[in-house]
Every structure is written in structure tokens, then in C-alpha cells.
Amino acid sequence: AVQLVESGGGTVQPGGSLRLSCVFSGDINRRLCLGWFRQAPGKEREGVARIDTDDDRAFYGDRVKGDVMRGRATISRDGAKNMFYLQMNSLKPEDTAMYFCAARFGVCYGAANYFDDWGQGTQVTVSS
């Protein structure tokens, strides 16, 4: 299993930026897909971005919804620190949600149900 802890959420004005961080530990010396998801009240969880530790290839959104942030998010990771990040720019009120980091072993599929381990979430609120 992989343990994950998010940080970096908060309240930001429309047009602002936030960087979310996720530190992970546990059974991590293998190929992982590390992902960011979000869930707004009354809506289903959706994939924002994920990154494959095998080659650092990044993917955004999922096959059904596409890139939900329309190019305003960037996922990256720091292998030495066992951390990965989600940089979000030009934030909009509709980006308000609980953001979760997650991990799965192996290939980087996009749907949330493919991910086995989850953090507790960090709230992002975009409001003036």
C-alpha cells in the first residue's frame, strides 16, 4: 500500500494560483501512477492529472471528460523527496472542490476506480 498526504489547499481569488503537494510513502519502490482528483459537493470525483513514475509522462483529465482544467494545471514530481505536485493557474470558481492525491501500481489509467490508495484531501476554494 501507499500512504499519501496532501497539502497546499486554501482560498484564492479568481485568477489566482495554487500549488498542491502530496507526500507519499510505503510500497513505493516500483512503478506507480500518481494522480490528482477533485470532487465538488454533489458531483462525482473526476481526474485532474496523473504522472507515470516509469517515464514521468503526464496525462490530464480522463477519456470521458478530457482535460477538466483546460491546460491550467501542471503535474510534476520530485523523486528524491517522494512528492508530487499540482500547479493550478487562472483558477475559477468552478475549480472549487476537495482535491485528492492518489496512487496505483503500474500503468497510468485515468479513472478514479483504478486507484487503490488515497489521501484525505485538501480543500480548494476559489472565491472573491
Side-chain angles (χ1 to χ4, degrees):
V2 179
Q3 294 79 48
L4 305 106
V5 180
E6 308 91 341
S7 61
T11 299
V12 62
Q13 291 188 343
S17 298
L18 276 177
R19 189 177 83 151
L20 306 182
S21 300
C22 182
V23 59
F24 59 98
S25 60
D27 186 11
I28 60 174
N29 293 317
R30 53 195 293 189
R31 182 183 185 182
L32 295 172
C33 181
L34 305 170
W36 286 101
F37 295 81
R38 68 184 185 182
Q39 188 167 18
K43 296 187 177 181
E44 64 181 21
R45 193 167 295 190
E46 61 184 9
V48 179
R50 61 200 186 276
I51 187 166
D52 190 330
T53 63
D54 197 46
D55 57 8
D56 280 338
R57 184 177 178 185
F59 305 85
Y60 293 92
D62 60 34
R63 187 176 298 180
V64 175
K65 295 187 177 182
D67 181 356
V68 296
M69 293 199 69
R70 301 293 187 264
R72 297 180 291 115
T74 302
I75 189 170
S76 61
R77 75 180 186 102
D78 184 332
K81 296 181 179 179
N82 294 332
M83 294 188 71
F84 63 109
Y85 310 95
L86 185 70
Q87 176 69 43
M88 301 185 291
N89 300 321
S90 302
L91 284 162
K92 304 176 181 181
E94 51 263 43
D95 295 318
T96 295
M98 185 72 76
Y99 285 71
F100 300 88
C101 61
R104 71 178 303 277
F105 299 122
V107 179
C108 235
Y109 297 121
N113 58 296
Y114 287 119
F115 284 74
D116 303 300
D117 298 299
W118 293 81
Q120 293 298 307
T122 185
Q123 178 68 38
V124 171
T125 302
V126 184
S127 174
S128 56

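One-based numbering along the sequence shown. Side chains are part of it too, since the values below use all heavy atoms of this structure and drop only hydrogens, waters and symmetry mates. The structure displayed is predicted, hence computed values, not measured ones.
The shortest side-chain heavy-atom distance between Y85 and D78 falls under the 4.5 Å cut-off. In this structure, M69 and V48 have side chains that are in contact, with non-hydrogen atoms separated by less than 4.5 Å. Side chains of E6 and Y99 form no contact here, defined as non-hydrogen atoms less than 4.5 Å apart.
Side chain of Q13 to backbone of S128: no donor-acceptor contact under 3.5 angstrom is found. Looking only at distances, a side-chain donor or acceptor of R50 sits under 3.5 Å from a matching main-chain atom of G61. Using modelled atom types, no side-chain atom of T125 and backbone atom of T96 make a donor-acceptor pair closer than 3.5 Å.
V64 and V68 are members of different hydrophobic clusters when ILVMFWY side chains are connected at heavy-atom separations under 4.5 Å. When the side chains of ILVMFWY residues are joined at heavy-atom separations under 4.5 Å, either directly or via intervening members, V5 and F84 end up in two distinct hydrophobic clusters. Y60 is connected to L18 through a chain of hydrophobic side-chain contacts under 4.5 Å among Ile, Leu, Val, Met, Phe, Trp and Tyr, so both are in one cluster.
Counting all heavy atoms, side chain and backbone alike, V124 lies closest to G9 at CG2-CA, 4.2 Å. Of all the heavy atoms in A97 and A40, the pair that sits closest is CB-N, 3.8 Å. In plain terms, the two heavy atoms of S17 and S90 that are nearest each other are OG-N, 4.3 Å. Taking every heavy atom of both residues into account, A58 and I75 meet most closely at CB-CG2, 3.6 Å. Between F115 and G110 the shortest heavy-atom distance is CE1-O, 4.3 Å.
Applying the side-chain hydrogen bond (donor to acceptor under 3.5 Å, both in side chains) test between D52 and each of R77, R57, R31 identifies R31 as the sole match. Of the listed residues (F105, F37, Y109), just one forms a ring pair (Phe, Tyr, Trp, His ring centres under 6.0 Å) with Y114, and that residue is Y109.
Here CG of D117 is found 11.0 Å from CZ of R104. Values are rounded to the nearest 0.5 Å. Rounding to the nearest 0.5 Å places OG of S76 at 6.5 Å from CZ of R19. Atom CG of L4 is separated from atom CZ of F100 by 12.0 Å, given to the nearest 0.5 angstrom. Rounding to the nearest 0.5 Å places CZ of F24 at 5.0 Å from CG of L34. C33 contributes atom SG, which lies 9.0 Å from atom CD1 of I51 (distance to the nearest 0.5 angstrom). Note that CG of L20 and OG1 of T122 are 6.0 Å apart. Values are rounded to the nearest 0.5 Å.
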Side chain to side chain contact (heavy atoms under 4.5 Å, CB included) between R45 and W118, worked out:
CA-CA 12 Å; R45 193 167 295 190; W118 293 81; 3.2 Å; yes
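With sequence neighbours left out, the side chain to side chain donor-acceptor pair (under 3.5 Å) criterion links Q87 to N89. Partners of D95 according to the side chain to side chain donor-acceptor pair (under 3.5 Å) rule, which considers only residues two or more places apart in sequence or in another chain, are R38, R72.
The neighbour count for K43 NZ, taken as heavy atoms of other residues, nucleotides or ligands under 6.0 Å away, does not exceed 12.
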